[in-house]
Amino acid sequence: MTKEKYSEELLLKEEEVKQNEIVLFNDEVNTFDHVIDTLIYACDHVPEQAEQCALLVHYKGKCTVKTGPYEDLEPRCSKLLQAGLSAEII
């Protein structure tokens with residue numbers, strides 16, 4: 001297989017597996033416990049993962065909390081928004 005053909009196939013595969021992300025943003029309203037509980041519920045995080053994300057959001061202003069296909073992320077992001085968190089899919 002030629003190098004050019006291989007590169008072309010890699011580019012096609014990259015397009016096929018394009019992942020979206022849910023980004024959670026910091027706010028001055030929600031408690032750490034609420035954010036952690038919501039991440040466990042909406043994103044299927046284990047408690048330690050949810051706590052780390054909550055800390056990153058607090059100190060960095062935002063954090064990617066879940067990656068995957070849009071169809072999987074949309075209902076999860078909706079749950080975060082319904083719980084009063086600030087999030088978006090990118």
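Below, each value reflects all heavy atoms present in this structure, side chains not excepted, and no hydrogens, waters or symmetry copies.
- By the 4.5 Å heavy-atom criterion applied to side chains, F25 and E88 are counted as neighbours.
- Note: the hydrophobic cluster containing I36 does not contain V57 (ILVMFWY, side chain heavy atoms under 4.5 Å, direct or indirect links).
- With hydrogens and angles ignored, the 3.5 Å screen pairs a side-chain donor or acceptor of N30 with a backbone N or O of G84.
- Few gaps surround CZ on F32; more than 12 heavy atoms of other groups in view lie less than 6.0 Å from it.
- By the 4.5 Å heavy-atom criterion applied to side chains, T64 and I22 are not counted as neighbours.
- Summarising the geometry, atom CD belonging to E21 is positioned 4.5 Å from atom CD1 belonging to I90; distances are rounded to the nearest 0.5 Å.
- D72 has no carboxylate O lying under 4.0 Å from a charged side-chain N of K66, or vice versa, which leaves the two without a salt bridge.
- Hydrophobic cluster membership is shared by L80 and Y70, with clusters built from Ile, Leu, Val, Met, Phe, Trp and Tyr side chains linked at under 4.5 angstrom.
- Considering H45, R76, Q52 as possible partners of L39, the one that fulfils the side chain to side chain contact (heavy atoms under 4.5 Å, CB included) test is H45.
- Within the 4.5 Å cutoff, the side chain of P69 has no heavy atoms near those of the N20 side chain.
- Note: K60 NZ to N26 CG = 13.0 Å, rounded to the nearest 0.5 Å.
- Between the CD1 atom of I89 and the OG atom of S78 there is a distance of 7.0 Å, given to the nearest 0.5 Å.
- Looking at heavy atoms from C-beta onward, L85 lies in side-chain contact with L24 at the 4.5 angstrom threshold.
- Counting all heavy atoms, side chain and backbone alike, S86 lies closest to D27 at N-OD2, 4.5 Å.
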